[in-house]
Amino acid sequence: MNKALSDIRLFLFTCSGEDNYILKRCNWGIQKRFALIGFFVLLIFAGCFLSATLFFVSLFQDASFISLFVGVFWGAMVINMYLLLLHTISPPIISAVSRKKKKNNKEVENIEKQNRFLSFSMFLRIGFMMLLAIIIAQPLNYGFLGESVDTEIELHKTHERVKLYAITNKHLIQSELENQKELNQKILNKLNPNDILQIKVQLHLINNKITRDSLFIIDASKKLVKLDKIENHIFLSDSEKLEKENIISHLNKELNIELASDYYFINDLNSIVVSGYFKSDYDNFKSSMSSLINQKKENYNKLNDLLDKSNFYIKTIQILLVENPMSWFMTILVCLVFLFPIYFKYKARDISTEIFQLENHKPEIVKLRNELIHTTDFNWLESKIMLINVNQIKTSDYYFMRMIIEHKTIILEYKQTKHQFSKILTDNVKRYNKTIRTRLNPLLHKLSTVNPKRYNEYLELIDNELKDEVIVKYEHWLDMPFRTKKAQTVKIKNTEVGLLDFVYNRDKKELTEEN
């Protein structure tokens, strides 16, 4: 293998999160599986980078540099979490099928229960992976498939435009009605019947406009309620889709008529000429109505600018998931990319088991592997792991080699920690004894001059009490530091039989015979 391919292979091993030192000693079949895992990890990083970049480009337009930086950061963060989760999802060294062929007792069944794949812990880890995958897939859906739902987004924009127009201008149209009512009251109070008839003819267009505005709000509110009921359904039938399009089309048409009437209403107000003492009242009405119409126009322009600038990111993703099956295909594909490395890990385990069984190993190596799988003699396993040289074991069973190295590292670190704490506690005891002796020596010296006999007695008691003992940690478990099996304690029954059992060690003998 040339250097370029070798470097690529080692890089993929590194991406897989596994030990390069062990993998380099395995055969090509095992290496291929872990290189494939590394490739999928790179693919996940590329997907995370692209997803985050597309999201920030959509969220902050013209911010490509920041988007690239966020994409790299998000990709690196997700990959670190994914590799941590992937490292914890290490399959048992031998599959359940292989164990069933060798043994069929309750203890093996308990081991299989502990090592089953779909445990609660595994469910949480895979669930978290799927959550990450679904989150990462949605910006990809928006970036690659967003244009396929432009028509639905335009309908949604129209819906939002009418709804927001009705909400923001409802109080203004209410003010129009109040101004109209106030003007009509002034007409009745200040003008005679002939003038009333004449002015009402002139105000006919204005009254129609105000009535049309109020009817628009009432009709739009009813149509929007009906439209909301339709959109509460996740999946719409053809008839519901047609009804939805008709309602939105009708609302859009009415809104355009309303906007056109607002535009011409100012001209209608200016075209009416009122003279006499009622002129000031009409001028006040015209000024108030002009202000209300200008506020409506300003509200609509702001609303329209806001809707034009919005890309309806979340709504686009929702519509894609409902209307475009390709969005589900892409989401499932991303989820599968997250799951494939787990499958390849278990497949590598099966291949490693087959290879080990075909290899010609010494009985002690076979026993070592079996003890790592199901430990029965902890002392033998510990001594064997500490004495064995990993470089002398020639096998392509990756997980077997990794377990040996991990066990040896853990045992060494644990022994070193125990030795360190034992030294600290022993030194503390010595220091304590020395301090106590220093404090007692003046008193003992005084006692020796007064009562030598009592002095010798106390000196002997102090020497017995203040001994420089070596402090050793008491082990509650048989396989420290792995802590999978506690040391069995003999329970003493509070009877004559229990006393005899304790004296003659009957329980220990029976326990030894059972083992």
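Side-chain N or O atoms of Ser327 include one that pairs as donor or acceptor with a backbone N or O of Asn324 at under 3.5 Å. Checked by atom type and distance alone, the side chain of Ser291 never pairs as donor or acceptor with a backbone atom of Ser288 at under 3.5 Å. No side-chain donor-acceptor contact under 3.5 Å links Asp219 to the backbone of Leu215. Side-chain atoms of Ser396 never come within 3.5 Å of backbone atoms of Cys26 as a donor-acceptor pair (strictly under, hydrogens ignored). The backbone N or O of Asn284 lies less than 3.5 Å from no partner atom in the side chain of Ser287, so there is not a single donor-acceptor pair. With hydrogens and angles disregarded, no donor-acceptor distance shorter than 3.5 Å links the side chain of Ser310 to the backbone of Leu306. Looking only at distances, no side-chain donor or acceptor of Asp283 sits under 3.5 Å from a matching main-chain atom of Lys286. The backbone N or O of Phe338 lies less than 3.5 Å from a partner atom in the side chain of Tyr82, making a donor-acceptor pair. Ser249 places no side-chain N or O within 3.5 Å of a backbone atom of Glu245 that could act as its donor or acceptor partner. Using a distance-only test at 3.5 Å, with no hydrogens or angles considered, no donor-acceptor pair links the side chain of His159 to the main chain of Leu155.
Looking at Leu54, Ile314, Ile317 one by one, the single match for side chain to side chain contact (heavy atoms under 4.5 Å, CB included) with Gln138 turns out to be Ile317. Of the listed residues (Ile167, Ile248, Leu255), just one forms a side chain to side chain contact (heavy atoms under 4.5 Å, CB included) with Val162, and that residue is Leu255.
Heavy-atom contacts from other residues, nucleotides or ligands closer than 6.0 Å to CH2 of Trp328 number 12 or fewer. Counting non-hydrogen atoms of other residues, nucleotides and ligands closer than 6.0 Å to CG of Asn232 gives a total above 12. The environment of CZ in Phe482 is crowded: more than 12 heavy-atom neighbours from other residues, nucleotides or ligands sit within 6.0 Å. Crowding of Lys473 atom NZ: a count of heavy atoms from other residues, nucleotides or ligands under 6.0 Å exceeding 12. Other residues, nucleotides and ligands contribute only 12 or fewer heavy atoms inside 6.0 Å of the CZ atom of Phe421. The environment of Tyr414 atom OH is dense: over 12 non-hydrogen atoms of other residues, nucleotides or ligands sit within 6.0 angstrom.
Using a 4.5 Å cut-off on side-chain heavy atoms (C-beta onward), Arg161 and Asp308 make contact. Residues Glu147 and Asp150 meet the side-chain proximity criterion, which asks for heavy atoms closer than 4.5 Å. Considering only heavy atoms from C-beta on, Leu86 comes within 4.5 Å of Ile37 through its side chain. In this structure, the side chains of Ile136 and Trp74 come closer than 4.5 Å at one or more pairs of heavy atoms. Two residues are said to be in side-chain contact when any heavy atoms from C-beta on lie closer than 4.5 Å; Leu412 and Gln416 fail this criterion. In this structure the side chain of Phe312 reaches within 4.5 angstrom of the side chain of Leu307, judged on heavy atoms. Residues Leu10 and Leu23 fail the side-chain proximity criterion, which asks for heavy atoms closer than 4.5 Å. Under the 4.5 Å side-chain criterion, counting only non-hydrogen atoms from C-beta, Tyr398 is not in contact with Arg349.
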- Item | Working for side-chain hydrogen bond (donor to acceptor under 3.5 Å, both in side chains), residues Asn311 and Ser58 | CA-CA 8 Å; Asn311 56 8; Ser58 302; 4.6 Å; no
- Please walk me through it: do Glu243 and Lys226 pass salt bridge (Lys or Arg N to Asp or Glu O under 4.0 Å)? CA-CA 10 Å; Glu243 185 180 5; Lys226 191 174 182 180; 3.3 Å; yes
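Relative orientation of the Phe73 and Phe69 rings is parallel, given thresholds of 30° and 60° on the angle between their planes. Using cut-offs of 30° and 60° on the angle between ring planes, the pair Tyr313 and Tyr142 is tilted.
Aromatic rings from Phe40 and Phe344 are positioned such that their centres are separated by under 6.0 Å. Here the two rings, on Phe34 and Phe13, have centers that are 6.0 Å apart or farther.
Minimum heavy-atom separation, Gly17 to His87: O-ND1, 4.0 Å. Taking all atoms of both residues into account, the shortest heavy-atom contact from Val72 to Phe45 is O-CE1, 4.1 Å. Smallest separation of non-hydrogen atoms from Leu320 and Leu145: CD2-O, 3.3 Å. Of all the heavy atoms in Cys15 and Val41, the pair that sits closest is O-CG1, 3.4 Å. Taking all atoms of both residues into account, the shortest heavy-atom contact from Asp262 to Lys297 is O-CE, 3.6 Å. Minimum interatomic distance between Tyr346 and Met122 (heavy atoms only, all atoms of both residues): OH-CE, 3.8 Å.
With salt bridges taken as basic N to acidic carboxylate O contacts below 4.0 Å, none links Glu240 and Lys244. Salt-bridge formation is detected for the pair Glu475/Lys418: a Lys NZ or Arg NE/NH1/NH2 atom is positioned less than 4.0 Å from an Asp or Glu carboxylate oxygen. In summary, Lys296 and Glu176 engage in a salt bridge, as defined by a charged side-chain N under 4.0 Å from a carboxylate O. Under the 4.0 Å criterion applied to side-chain N and carboxylate O atoms, Lys209 and Asp213 are assigned as salt-bridge partners. Look at Lys345 and Glu18 and you find a salt bridge, because one of the NZ, NE, NH1 or NH2 atoms lies within 4.0 Å of a carboxylate O, short of that distance. A salt bridge between Lys163 and Glu160 is present, with a side-chain N of the basic residue lying under 4.0 Å from a carboxylate O of the acidic one.
Of the inter-residue distances, the one linking Tyr300 atom OH with Leu164 atom CG reads 11.5 Å to the nearest 0.5 angstrom.
In this structure, a donor-acceptor pair under 3.5 Å is absent between the side chains of Asn299 and Thr168. Side-chain atoms of Asp397 and Thr353 form no donor-acceptor pair, as typed in the model, at a separation below 3.5 Å.
For residues 226-251, no pair satisfies ring pair (Phe, Tyr, Trp, His ring centres under 6.0 Å), with sequence neighbours left out.
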